[in-house]
Amino acid sequence: HVQLVESGGGAVQAGESLRLSCVASTYAYMYELYCVGWFRQAPGKEREGVAGIDIDGNTDYVDSVKGRFTISRDNAKNTLYLQMNSLKTEDTAMYYCAADRGYSGGTWTFVPMYKNRGQGTQVTVS
(Lines give C-alpha, C1' and ligand atoms only; values in the text may rest on other atoms or scores of the structure.)
Protein backbone atom coordinates (compact mmCIF):
# COMPACT_ATOMS: atom_id res chain seq x y z
CA HIS A 1 0.00 0.00 0.00
CA VAL A 2 1.23 3.50 -0.83
CA GLN A 3 -0.23 6.84 0.24
CA LEU A 4 -0.57 9.53 -2.40
CA VAL A 5 -1.00 13.27 -1.86
CA GLU A 6 -1.90 15.59 -4.72
CA SER A 7 -1.35 19.33 -4.96
CA GLY A 8 -1.37 22.09 -7.54
CA GLY A 9 -5.03 22.40 -8.39
CA GLY A 10 -6.81 25.73 -8.59
CA ALA A 11 -9.13 28.01 -10.51
CA VAL A 12 -7.86 29.37 -13.84
CA GLN A 13 -9.14 30.92 -17.04
CA ALA A 14 -9.49 28.93 -20.24
CA GLY A 15 -6.17 28.80 -22.07
CA GLU A 16 -4.06 28.99 -18.93
CA SER A 17 -1.90 26.28 -17.38
CA LEU A 18 -1.60 24.32 -14.17
CA ARG A 19 0.89 21.77 -12.92
CA LEU A 20 -0.32 19.02 -10.63
CA SER A 21 2.00 17.07 -8.36
CA CYS A 22 1.52 13.82 -6.48
CA VAL A 23 3.95 12.64 -3.82
CA ALA A 24 4.01 8.99 -2.80
CA SER A 25 4.91 7.83 0.68
CA THR A 26 7.10 4.86 -0.11
CA TYR A 27 10.73 4.05 -0.69
CA ALA A 28 12.10 5.25 -4.01
CA TYR A 29 13.12 1.72 -4.97
CA MET A 30 9.48 0.69 -4.47
CA TYR A 31 7.91 3.69 -6.19
CA GLU A 32 9.75 3.01 -9.42
CA LEU A 33 8.00 -0.35 -9.61
CA TYR A 34 4.55 1.25 -9.77
CA CYS A 35 2.60 2.23 -12.84
CA VAL A 36 1.17 5.64 -11.99
CA GLY A 37 -1.30 8.00 -13.56
CA TRP A 38 -4.05 10.57 -13.27
CA PHE A 39 -7.78 10.27 -13.56
CA ARG A 40 -10.51 12.84 -13.06
CA GLN A 41 -14.13 13.01 -12.09
CA ALA A 42 -16.53 15.84 -12.76
CA PRO A 43 -19.82 16.20 -10.83
CA GLY A 44 -22.39 13.75 -12.14
CA LYS A 45 -19.91 12.02 -14.43
CA GLU A 46 -17.99 8.77 -14.43
CA ARG A 47 -14.31 8.60 -13.53
CA GLU A 48 -12.17 9.17 -16.60
CA GLY A 49 -8.57 8.16 -17.05
CA VAL A 50 -6.44 11.08 -18.19
CA ALA A 51 -2.87 9.85 -18.49
CA GLY A 52 -0.66 7.01 -17.38
CA ILE A 53 3.07 6.31 -17.23
CA ASP A 54 4.66 2.92 -16.73
CA ILE A 55 7.87 1.88 -15.01
CA ASP A 56 9.87 2.45 -18.20
CA GLY A 57 8.53 5.97 -18.66
CA ASN A 58 6.16 5.13 -21.49
CA THR A 59 3.16 7.45 -21.48
CA ASP A 60 -0.42 7.25 -22.66
CA TYR A 61 -3.17 9.87 -22.84
CA VAL A 62 -6.86 10.05 -23.42
CA ASP A 63 -7.49 11.70 -26.80
CA SER A 64 -9.11 14.80 -25.31
CA VAL A 65 -5.85 15.89 -23.61
CA LYS A 66 -3.25 14.79 -26.16
CA GLY A 67 -1.01 17.67 -27.13
CA ARG A 68 -2.10 19.72 -24.10
CA PHE A 69 -1.21 17.59 -21.05
CA THR A 70 2.13 16.00 -20.21
CA ILE A 71 2.62 13.35 -17.56
CA SER A 72 6.03 12.74 -16.04
CA ARG A 73 7.57 11.11 -13.00
CA ASP A 74 10.63 11.73 -10.87
CA ASN A 75 11.37 8.43 -9.15
CA ALA A 76 14.12 9.96 -7.00
CA LYS A 77 11.48 12.25 -5.47
CA ASN A 78 8.62 9.74 -5.49
CA THR A 79 6.66 12.34 -7.42
CA LEU A 80 4.28 12.26 -10.34
CA TYR A 81 3.42 15.38 -12.34
CA LEU A 82 0.75 16.46 -14.77
CA GLN A 83 1.50 19.60 -16.75
CA MET A 84 -1.77 20.93 -18.12
CA ASN A 85 -1.62 23.59 -20.82
CA SER A 86 -4.34 25.26 -22.88
CA LEU A 87 -6.94 24.30 -20.30
CA LYS A 88 -10.56 24.14 -21.38
CA THR A 89 -13.78 24.45 -19.38
CA GLU A 90 -14.39 20.75 -19.98
CA ASP A 91 -11.22 19.95 -18.04
CA THR A 92 -12.96 21.09 -14.86
CA ALA A 93 -12.97 18.15 -12.42
CA MET A 94 -11.41 16.68 -9.32
CA TYR A 95 -8.08 15.19 -10.35
CA TYR A 96 -6.69 12.13 -8.62
CA CYS A 97 -3.37 10.41 -8.89
CA ALA A 98 -3.24 6.65 -8.67
CA ALA A 99 -0.65 3.89 -8.47
CA ASP A 100 -0.56 0.14 -8.89
CA ARG A 101 2.12 -2.54 -9.18
CA GLY A 102 -0.22 -4.97 -10.86
CA TYR A 103 -0.07 -3.53 -14.36
CA SER A 104 2.60 -3.87 -17.02
CA GLY A 105 1.77 -0.71 -18.93
CA GLY A 106 0.56 2.81 -18.24
CA THR A 107 -2.54 2.64 -20.41
CA TRP A 108 -4.83 5.52 -19.43
CA THR A 109 -7.96 3.38 -19.46
CA PHE A 110 -6.75 1.36 -16.46
CA VAL A 111 -5.71 4.25 -14.25
CA PRO A 112 -9.12 4.69 -12.54
CA MET A 113 -8.87 1.04 -11.43
CA TYR A 114 -5.46 1.32 -9.76
CA LYS A 115 -5.50 0.12 -6.15
CA ASN A 116 -3.93 3.20 -4.58
CA ARG A 117 -5.30 6.71 -5.06
CA GLY A 118 -5.01 10.11 -3.43
CA GLN A 119 -7.70 12.43 -2.06
CA GLY A 120 -7.76 14.58 -5.18
CA THR A 121 -7.14 18.19 -6.10
CA GLN A 122 -9.78 20.40 -7.70
CA VAL A 123 -9.21 21.99 -11.10
CA THR A 124 -11.72 24.62 -12.19
CA VAL A 125 -11.49 26.25 -15.61
CA SER A 126 -13.78 29.14 -16.50
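Here, residue 1 is the first one in the sequence, and each next residue gets the next number.
Pairing each heavy atom of Val2 with each of Ala24, the nearest pair is CG2-CB, 3.8 Å. Thr79 approaches Ser21 most closely through the heavy-atom pair CG2-CB, 4.4 Å. Of all heavy-atom pairs spanning Ala93 and Ala42, the tightest one is CB-N, 3.9 Å. Looking at every heavy atom in both residues, Pro112 comes nearest to Thr109 through CD-O, 3.5 Å. The minimum heavy-atom distance linking Tyr34 with Ala99 is given by the pair CD2-CB, 3.8 Å. Here the closest heavy-atom approach between residue Glu48 and residue Ser64 is recorded as OE2-OG, 4.3 Å.
The neighbour count for Gln119 CD, taken as heavy atoms of other residues, nucleotides or ligands under 6.0 Å away, does not exceed 12. Crowding of Gln122 atom CD: a count of heavy atoms from other residues, nucleotides or ligands under 6.0 Å exceeding 12. Annotation for Glu46: atom CD does not count as buried by contact number, only 12 or fewer foreign heavy atoms lying within 6.0 Å.
The closest side-chain heavy-atom distance from Phe69 to Val50 is below 4.5 Å. In this structure the side chain of Asp100 never reaches within 4.5 angstrom of the side chain of Val111, judged on heavy atoms. When side chains are defined from C-beta on, Arg73 does not count as touching Asn78, because their heavy atoms never get closer than 4.5 Å. Counting heavy atoms from C-beta outward, Phe39 and Tyr96 have side chains that approach closer than 4.5 Å. At a threshold of 4.5 Å between non-hydrogen side-chain atoms, the residues Leu18 and Val123 count as touching. A 4.5 Å side-chain heavy-atom check between Gln13 and Ser126 finds at least one atom pair inside the cut-off. In this structure, Trp108 and Thr59 have side chains that are not in contact, with every pair of non-hydrogen atoms separated by 4.5 Å or more.
In summary, the side chains of Asn85 and Ser17 do present a donor paired with an acceptor at a separation below 3.5 Å, with no hydrogens or angles considered. Side-chain N/O atoms of Arg40 and Tyr95 include a donor and acceptor closer than 3.5 Å.
The backbone N or O of Gln3 sits less than 3.5 Å from a side-chain atom of Ser25, completing a donor-acceptor pair. Listed for the Thr121 side chain is a donor-acceptor partner under 3.5 Å among the backbone atoms of Gly9. The main-chain N or O of Cys97 is never found under 3.5 Å from a side-chain atom of Arg117 such that the two would form a donor-acceptor pair. A side-chain donor-acceptor contact under 3.5 Å links Thr92 to the backbone of Val125. Listed for the Glu6 side chain is a donor-acceptor partner under 3.5 Å among the backbone atoms of Gly120.
A distance below 6.0 Å separates the ring centres of Tyr103 and Tyr114.
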Verdict with supporting geometry, Arg19 and Leu82, side-chain contact (heavy atoms from CB on, under 4.5 Å): CA-CA 6 Å; Arg19 188 194 197 201; Leu82 185 68; over 6 Å; no
Start with the C-alpha distance between Arg101 and Leu33, add both sets of side-chain angles, then the distance that settles side-chain contact (heavy atoms from CB on, under 4.5 Å), and finish with yes or no. CA-CA 6 Å; Arg101 291 182 58 186; Leu33 298 178; 3.7 Å; yes
With side-chain contact (heavy atoms from CB on, under 4.5 Å) as the test, would you mind laying out the steps for Met113 and Arg47 before giving the verdict? CA-CA 10 Å; Met113 296 182 281; Arg47 290 175 185 171; over 6 Å; no
Ile53/Leu80 under side-chain contact (heavy atoms from CB on, under 4.5 Å): CA gap, chis, key distance, verdict: CA-CA 9 Å; Ile53 183 168; Leu80 176 69; 3.8 Å; yes
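With salt bridges taken as basic N to acidic carboxylate O contacts below 4.0 Å, one links Lys66 and Asp63.
Atom CD1 of Ile71 is separated from atom CG of Asn58 by 11.5 Å, given to the nearest 0.5 angstrom. Here CD of Glu90 is found 8.5 Å from NZ of Lys45. Values are rounded to the nearest 0.5 Å. For the atom pair Asn75 CG and Ile55 CD1, the distance stands at 9.5 Å (nearest 0.5 Å). One distance of note links CG of Asp60 with CZ of Phe110; it measures 10.0 Å at 0.5 Å rounding.
Placement of Val65 and Leu87 within a single hydrophobic cluster is found when ILVMFWY residues are connected by side-chain heavy-atom separations under 4.5 Å, directly or transitively. One hydrophobic cluster, built from ILVMFWY side chains closer than 4.5 Å, holds both Val12 and Met84.
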